[in-house]
Amino acid sequence: MSELRAPFFLGESQIPAGSRAVVDIPFGKLYTHTELNIGAHVVHGRQDGPVLLVTAALHGDEINGVEICRRLLKVPRLNRLRGTLVVVPIVNTYGFVQQSRYLPDRRDLNRSFPGSEKGSLGSRMAFQFTEQILSKCTHAIDLHTGAIHRSNLPQVRASAKDKVALSMAESFNAPIIIKAASRDGTMRGTANNLGIPILLYEAGEALRFDEQSIKIGVRGIVNVMQQLGMLSRGKRLGKTRSLFSKKSSWVRAEHDGIARYYVSLGQTVQQGDLLAHIYSPYSDFEVAVTATLSGVIIGRTNLPLVNEGEALFHIAEVSSLEEAEKTLDAISDEVDNAMPLSLTDEYGVV
């Protein structure tokens with residue numbers, strides 16, 4: 001019998017090969033001296049392979065990813081995992097408890113990376129997360145949603161310069177792939193600087209569960225794990241290839257008022273198409289909101305009360321609108337029709 005691989009070390013814990021553990025890593029205290037930890041699930045396979053990090057709730061109110069993590073950890077095939085899976089369902093414990101995107105000092109944790117030992121709370125948390133968790137991994141998937149009152153079409157973002165990340169993005173099989181550079185201060189930017197291929201998955205709205213977004217997220221991670229050789233290559237979940245987009249743009253409100261929206265996520269539009277009307281509750285004033293470019297609606301505000309300059313619709317350019325419609329419809333049908341069966345047989349969870 002071959003010798004077991006070495007244990008995996010995280011925080012103060014040692015996880016033997018062929019076992020699972022939940023590791024609590026101290027990341028700070030409240031002003032009441034109450035300690036807050038970040039909990040990380042570790043599945044350490046018996047065989048060598050990549051170390052994949054999956055994170056959620058980096059923004060505390062983006063909870064779709066928390067449910068994706070729960071379902072992922074129930075996949076029976078993880079018992080035959082090659083490599084190591086590290087899952088952090090809630091990175092921003094402060095924001096999660098308060099149902100807020102931010103930390104107590106109103107800083108954005110995902111603008112604080114790579115952080116420092118002596119900076120703000122966010123900077124210290126980002127530094128500890130980078131040193132203790134991110135740097136120990138070879139690949140990463142970061143799960144997000146739209147902000148409060150904003151919904152995102154399921155999409156993955158990866159750097160156009162990272163061929164491994166783009167290959168992961170294709171395997172993930174979300175409706176659309178956005179080739180986009182990472183922002184300074186983000187976990188994705190820090191991972192890129194460390195040479196760690198990383199995907200950003202955006203789907204749904206803050207403080208809401210969206211079932212289709214969750215299903216696409218779970219199957220996407222499983223697809224990536226198969227592509228990386230961490231799971232045996234079973235039936236690929238999803239046959240239709242994702243759309244690619246190299247450019248996206250927001251359509252903003254030119255006036256304040258109350259909006260009536262006419263288009264939905266995933267809908268294709270042509271430049272000049274009517275997207276909404278903004279009107280005043282005190283007069284006959286009304287102004288049309290039109291598409292500034294042709295493409296697919298990948299983000300939309302849900303609140304009808306708008307201020308001048310506010311972002312209303314996020315449009316991604318694609319090579320063919322006709323092809324985009326077929327692709328989005330096909331992926332939607334695959335998820336709606338196939339995933340309930342896949343979740344039962346393949347995952348043992350609904």
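Keep in mind it's a predicted model, so treat the numbers as computed, not measured. Just so it is clear, the values below take in all heavy atoms, side chains as well, and ignore hydrogens, waters and symmetry mates.
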- Item | Glu310/Arg150 ion pair, N-O < 4.0 Å | yes
- Evaluate the side chain to side chain contact (heavy atoms under 4.5 Å, CB included) criterion for residues Leu312 and Tyr261: first the C-alpha distance (whole Å), next the side-chain angles of each, then the deciding distance (0.1 Å), finally the verdict. CA-CA 9 Å; Leu312 303 181; Tyr261 302 119; 4.0 Å; yes
- Query: So which heavy atom on Leu103 is nearest to which on Gly122, and how close?
  - Reply: CD1-CA, 3.2 Å
- Task: Would you give the length of the straight line joining atom CZ of Phe129 to atom CG of Leu109, rounded to the nearest 0.5 angstrom?
- Result: 8.5 Å
- For Gly45 and Ala17 the tightest heavy-atom approach is O-CB, 3.7 Å
- Query: Between Lys179 and Ala160, what is the shortest heavy-atom contact and its length?
  - Reply: CB-CB, 4.1 Å
- Message: To the closest 0.5 Å, what do you measure between CD1 (Ile315) and CG (Leu275)?
- Response: 5.5 Å
- Query: Is any side-chain heavy atom of Leu143 closer than 4.5 Å to a side-chain heavy atom of Val54?
  - Reply: yes
- Here the gap from Thr130 atom OG1 to Leu194 atom CG, rounded to the nearest 0.5 Å, amounts to 7.0 Å
- Message: When you compare the side chains of Asn64 and Thr145, does any donor N or O come within less than 3.5 Å of an acceptor on the partner?
- Response: no
- Is Arg71 salt-bridged to Glu211, going by a charged N under 4.0 Å from an acidic O? yes
- Message: Any donor-acceptor pair under 3.5 Å linking the side-chain atoms of His314 with those of Ser248?
- Response: yes
- Item | Straight-line distance of Thr138 OG1 to Lys136 NZ, nearest 0.5 Å | 13.5 Å
- Message: Using side-chain heavy atoms (C-beta onward) and a distance below 4.5 Å, is Gln226 in contact with Ser232?
- Response: no
- Item | Any Val91 side-chain heavy atom under 4.5 Å of Asn110 side chain | no
- Message: Any non-hydrogen side-chain atom of Phe244 less than 4.5 Å from a side-chain atom of Ile176?
- Response: no
- What one should report as the nearest heavy-atom pair of Tyr94 and Phe27 is OH-O, 4.5 Å
- Item | Audit row: Glu334, Thr240, side chain to side chain contact (heavy atoms under 4.5 Å, CB included) steps and yes/no | CA-CA 8 Å; Glu334 286 175 3; Thr240 307; 2.7 Å; yes
- Check against side chain to side chain contact (heavy atoms under 4.5 Å, CB included), Arg260 and Ile278: CA-CA 6 Å; Arg260 304 194 308 278; Ile278 299 174; over 6 Å; no
- Short side-chain donor-acceptor distance under 3.5 Å, His277 and Tyr262: yes
- Task: May I ask you to say whether Glu317 pairs ionically with Lys246, meaning some side-chain N is under 4.0 Å from a carboxylate O?
- Result: no
- Item | Those residues that, when tested against Glu322, pass salt bridge (Lys or Arg N to Asp or Glu O under 4.0 Å) (two or more places apart) | Lys326
- Query: Can you tell me if Ser100 and Asp61 form a side-chain donor-acceptor pair at under 3.5 Å?
  - Reply: no
- Determine the interplanar angle of the His144 and His59 rings, folded into 0 to 90°, and report it as parallel if under 30°, tilted if 30 to 60°, perpendicular if over 60°. perpendicular
- Message: Restricting to ring pair (Phe, Tyr, Trp, His ring centres under 6.0 Å), what partner residues turn up for Phe209, sequence neighbours left out?
- Response: none
- Determine whether more than 12 heavy atoms belonging to other residues, nucleotides or ligands lie under 6.0 Å from atom CD of Gln98. no
- Query: Any side-chain heavy atom of Ile15 sitting closer than 4.5 Å to one from Val23?
  - Reply: yes
- Item | Whether Phe285 and His255 hold their rings parallel, tilted or perpendicular, with breakpoints at 30° and 60° | perpendicular
- Message: To the nearest 0.5 Å, what is the distance between CZ on Phe313 and CZ on Arg300?
- Response: 6.0 Å
- Which heavy atom of Tyr201 sits nearest a heavy atom of Ala174, and at what distance? CE1-CB, 4.4 Å
- Query: In Å and rounded to the nearest 0.5 Å, what is the NE2 to CG distance from His139 to Leu52?
  - Reply: 8.0 Å
- Query: How far apart are the closest heavy atoms of Val87 and Leu85, and which atoms are they?
  - Reply: CG2-CG, 3.6 Å
- Do Asp162 and Ser159 have side-chain N/O donor and acceptor atoms under 3.5 Å apart? no
- Asp48 with Arg5: basic N within carboxylate O range, under 4.0 Å: yes
- Task: Start with the C-alpha gap between Leu58 and Phe113, add the side-chain angles, then the distance that decides, and say whether side chain to side chain contact (heavy atoms under 4.5 Å, CB included) holds.
- Result: CA-CA 11 Å; Leu58 190 54; Phe113 282 83; 4.1 Å; yes
- Message: Whether Glu323 and Arg241 form a salt bridge (side-chain N of Lys/Arg under 4.0 Å from carboxylate O of Asp/Glu) is what I want to check.
- Response: no
